[in-house]
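The basis for the numbers below is simple: all heavy atoms, side chains too, and nothing from hydrogens, waters or symmetry mates.
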Amino acid sequence: GATFWFVFLGSIWLSINAPVAASIFIIAFDFYFLLKAANNSMHLTWSYRMFKLLVRLDWGRRLEALNHPKQYIAELRKQAESSDARFARNYYNGEAERVHTYLAKHGSIQDYKDFYHLVVLPFVDETFEVLDSTFHALSRVAYPLDRILIVLAAEERAGLSAIQTSERVQEKYGTTFARLFITFHPDGLPGEIKGKSANASYAVKSILPDLEAMGVPIEKVLVANLDSDTVVHPQYFARVMYEFLTVENPYRKSFQPITVFNNNIWDSPALIRVVSVSSAFWLFTESSRTDRLRTFSSHSMSLKALTEVGFWKPDIVNEDAYIYWQSYIHYKGDYHVVPLFIPVSMDTCLAPTFIQTLKNQYKQKRRWAYNVEYYPHMMWKLITLEAPWHDKARKIWQYVEGNFNWATASLLITLGGLMPLYLGGSEFLNSVTAFQLPFLTKWILRISMIFLIFSIYINHVLLPPRPSHVSVWKSITMYLQWFLVPITSILFGSLPAIEAQTRLMMGWYLEFFVTPKARKGENTGLSMKEMQASHLDS
């Protein structure tokens, strides 16, 4: 919070007292973000190409092939030889070398059928219809359902509605999976806040005796912590399992899919669509930079690691990313996130009214930006951690710089060029610098907008087909919506981050905001082409 206010108020002070210096600062700041935009576009492009390659593969078949690893390595090399695109050849050759190295070191690869996936679904007041689409997607996965355990984690404070919803889920899906557990998290336990992390931790701890009674050791369980509206890709569990079996030291890894917001994308307003798609693109970009990638929203990790780090912290708002930092600190820097490059689909913010939708979106973004709450929990631990200093320094810088830019960038880029002109006085207005400042900032911003073109293309190809109840005009607005980026970047970027950081700085702490789930039509999460089994090219 202090860094933002120092820079923002300092820019105003410089604009009044040293407008030339303020102009130089603004131009340098804008140019820095032009370079970042170019860099992000390159990473987005690379990640999208990897996504298009990996999302087409039949990971269930590849899991079976791992039972005969030498033949599988030969198959990978043959695929490399037959591929026309260099990108695909590089992937197949690299994957063959990776599996070969793993096999040479360990002698064999474990059988995926020895493992279970435990799906944790915390919910408060979501309707049965929301949970039904989530369970429907889980029941359709291309993975043995007798190796999937689910714990539906209800909140006791939700009362009768949570009980009734749980009973309906139990009635419809109780025999679909290996086991469906239902837990009710008591309200007001000591040391907890009202939030997803407390509920999820309570749920997993509650069923550990049941797992033991079933003869399932924690070393053989992978935990998928999903939001209640998460529609998983049919290949999600197979993809996670493949990486777990072939990556080095898998118990010190988390596995991160790419979150898209397609469940109700066609029913949401244009402002909200831009925000949601931008969040997906951010995860695309981060997936190509594994040194920066953190757990976000729905993801998987081993139950062994989750137990060793003490489960999710019950007194923190944003548990999804903090579980990475918990693990990184616990294992003294030896913990990493593996990108999966396949999607899971979630809801955009949507409420009965347009104004309430905007309010909910702002509150959701403010909750995400409240990841600054990690700072007092972890900063001193990171500084004193017995881990490579260069890795610690890079991660501290990424965390601090990321939160600073979140609050500062859009505001300074939009308003910074105007400050010296309006506050610098008549003498500055007659200077060469005053003449050049709007010209330079305008062109820097125009060049930055060029990098949106590929984002528009990716957004178009990732959209699910337009539902019958949606007009053709909505398809046109899917392109026009990108003119709203300057508005959304401030309204749902800088402003909620500024509020979140200022609240933490002043001690006005936030509580967990449960984003209400609403849909006007069908769930289109599974309608995206890349979610279809027919899309697979083994």
Subject >> Separation of Ser302 OG from Leu118 CG (nearest 0.5 Å) >> reply: 12.0 Å
**OP:** May I ask you to test the Gln501-Asn403 pair for a side-chain heavy-atom distance under 4.5 Å?
**Re:** yes
Original post:
Rounded to the nearest 0.5 Å, how far apart are CG of Leu382 and OH of Tyr374?
Top reply: 13.0 Å
**OP:** Could you tell me whether the side chain of Arg366 reaches within less than 4.5 Å of the side chain of Arg503, counting heavy atoms only?
**Re:** yes
Subject >> Test item: side-chain donor near acceptor, Ser197 and Tyr322, under 3.5 Å >> reply: no
**OP:** Tell me yes or no: between the side chains of Ser47 and Ser287, is some donor less than 3.5 Å from an acceptor?
**Re:** no
**OP:** Please report the shortest heavy-atom distance between Glu192 and His185, naming the atom on each side.
**Re:** OE1-NE2, 2.7 Å
Subject >> Exercise: identify the closest heavy-atom pair between Trp266 and Ser475 >> reply: CH2-OG, 3.6 Å
Original post:
Side chains of Ser228 and Glu126: do they bring a donor and an acceptor to under 3.5 Å?
Top reply: yes
Original post:
Taking the inter-plane angle between the rings of Tyr143 and Phe237 on a 0 to 90° scale, is it parallel (under 30°), tilted (30 to 60°) or perpendicular (over 60°)?
Top reply: tilted
Original post:
Side-chain donor-acceptor pair under 3.5 Å between Ser298 and Asp227, yes or no?
Top reply: no
Original post:
Does atom CZ of Phe31 have more than 12 heavy-atom neighbours from other groups under 6.0 Å away?
Top reply: no
Subject >> Flag for Trp368-Ser279: side-chain donor and acceptor within less than 3.5 Å >> reply: no
Original post:
Salt-bridged, Glu530 to Arg56, with N to O below 4.0 Å?
Top reply: no
**OP:** Start with the C-alpha gap between Phe184 and Ile163, add the side-chain angles, then the distance that decides, and say whether side-chain contact (heavy atoms from CB on, under 4.5 Å) holds.
**Re:** CA-CA 9 Å; Phe184 289 89; Ile163 296 174; 3.8 Å; yes
Original post:
Which is it for Tyr116 and Val223 under the side-chain contact (heavy atoms from CB on, under 4.5 Å) test, yes or no, and what are the steps along the way?
Top reply: CA-CA 9 Å; Tyr116 287 84; Val223 180; over 6 Å; no
**OP:** Say whether Asn405 and Glu401, considering side chains only, have a donor N or O and an acceptor N or O under 3.5 Å apart.
**Re:** yes
Subject >> His136-Tyr173 aromatic ring centre distance below 6.0 Å >> reply: no
**OP:** Could you pull out the closest heavy-atom pair between Thr176 and Lys172, with the gap in Å?
**Re:** OG1-O, 4.1 Å
Original post:
Under 6.0 Å from the OH atom of Tyr32, do we count more than 12 heavy atoms belonging to anything else shown?
Top reply: yes
Original post:
Where do Met478 and Arg273 land on the side-chain contact (heavy atoms from CB on, under 4.5 Å) test, with the steps shown first?
Top reply: CA-CA 8 Å; Met478 290 291 181; Arg273 294 198 303 268; 3.2 Å; yes
Original post:
Under 6.0 Å between ring centres, would you say that holds for His460 and Tyr479?
Top reply: yes
Original post:
Going by heavy atoms in the side chains, are Asp229 and Phe261 under 4.5 Å from each other?
Top reply: no
**OP:** Indicate yes or no: at least one non-hydrogen side-chain atom of Pro186 is less than 4.5 angstrom from one of Tyr202.
**Re:** yes
Subject >> Minimal non-hydrogen separation, Cys349 against Thr515, with atom names >> reply: SG-CG2, 3.5 Å
Original post:
Would you call the rings of Phe8 and Trp5 parallel, tilted or perpendicular if under 30° counts as parallel and over 60° as perpendicular?
Top reply: perpendicular
Subject >> Heavy-atom closest pair, residues Ser166 and Ala154 >> reply: OG-CB, 4.0 Å
**OP:** Cation-pi check, Arg367 to Phe513: give yes when NZ or CZ is under 6.0 Å from the six-membered ring centre and within 45° of the ring axis, no otherwise.
**Re:** no
Original post:
Any side-chain donor-acceptor pair under 3.5 Å between Gln398 and Arg292?
Top reply: no
Subject >> Spacing of Met346 atom CE and Thr134 atom OG1 [to the nearest 0.5 Å] >> reply: 9.0 Å
Original post:
Which of these passes side chain to side chain contact (heavy atoms under 4.5 Å, CB included) with Asn225: Ser300, Ser254, Ser297, Pro122?
Top reply: Pro122
Original post:
For the residue pair Trp282 and Phe296, is the inter-centroid distance of their aromatic rings smaller than 6.0 Å?
Top reply: yes
**OP:** Kindly give the heavy-atom pair with the smallest separation between Ala162 and Val124, and that separation in Å.
**Re:** CB-O, 4.1 Å
**OP:** Nearest 0.5 Å please: distance from the CG atom of Leu504 over to the OH atom of Tyr375.
**Re:** 10.5 Å
Original post:
When you look at Asn360 and Gln356, which way does the side chain to side chain donor-acceptor pair (under 3.5 Å) test go after all the steps?
Top reply: CA-CA 6 Å; Asn360 290 349; Gln356 190 59 50; 2.9 Å; yes
Subject >> Exceeds 12 heavy-atom contacts within 6.0 angstrom, atom NZ of Lys359 >> reply: no
Subject >> Asp315 with Lys313: basic N within carboxylate O range, under 4.0 Å >> reply: yes
Original post:
Is a side-chain donor-acceptor pair under 3.5 Å present for Gln170 with Glu167?
Top reply: no
**OP:** Tell me yes or no: between the side chains of Arg466 and Thr524, is some donor less than 3.5 Å from an acceptor?
**Re:** no
Original post:
Are Val119 and Phe177 close enough that some pair of their side-chain heavy atoms sits under 4.5 Å apart?
Top reply: no
Subject >> Salt bridge flag under 4.0 Å for residues Glu171 and Arg168 >> reply: no
Subject >> Leu463 CG to Ile458 CD1 distance, which is reported to the nearest 0.5 Å >> reply: 12.0 Å
Original post:
Asn523 and Asn264: side-chain donor and acceptor closer than 3.5 Å?
Top reply: no
Original post:
Within the side chain of Gln256, is there an N or O that forms a donor-acceptor pair under 3.5 Å with the backbone of Val337?
Top reply: no
**OP:** Check step by step if side-chain contact (heavy atoms from CB on, under 4.5 Å) holds for Leu226 and Val120.
**Re:** CA-CA 6 Å; Leu226 308 183; Val120 185; over 6 Å; no
Subject >> Between Asn263 and Asp347, a side-chain donor and acceptor under 3.5 Å >> reply: yes
Original post:
Is there a donor-acceptor pair closer than 3.5 Å between any side-chain N or O of Asn199 and the backbone N or O of Ala153?
Top reply: yes
Subject >> Full working for side chain to side chain donor-acceptor pair (under 3.5 Å) between Ser345 and Asn262 >> reply: CA-CA 6 Å; Ser345 182; Asn262 279 350; 5.0 Å; no
**OP:** Check whether any side-chain heavy atom of Ile265 sits under 4.5 Å from a side-chain heavy atom of Pro464, and report yes or no.
**Re:** yes
**OP:** Measure centre to centre between the rings of Phe51 and Phe284, then say whether the value is under 6.0 Å.
**Re:** yes
Original post:
Between atom CZ of Phe29 and atom CG of Leu412, what is the distance when rounded to the nearest 0.5 Å?
Top reply: 4.5 Å
Original post:
Do Phe135 and Leu121 have side chains that get closer than 4.5 Å, going by heavy atoms?
Top reply: yes
Original post:
Should Glu319 and Lys196 be marked as a salt bridge (charged side-chain N to carboxylate O under 4.0 Å, His left out) after you check the CA-CA gap, both sets of side-chain angles, and the distance that decides it?
Top reply: CA-CA 7 Å; Glu319 94 298 335; Lys196 178 184 173 183; 3.5 Å; yes
Subject >> Audit row: Lys395, Asp291, salt bridge (charged side-chain N to carboxylate O under 4.0 Å, His left out) steps and yes/no >> reply: CA-CA 8 Å; Lys395 284 180 168 50; Asp291 67 306; over 6 Å; no
Subject >> Main-chain N/O of Asn318 paired with Glu373 side-chain donor or acceptor, under 3.5 Å >> reply: yes
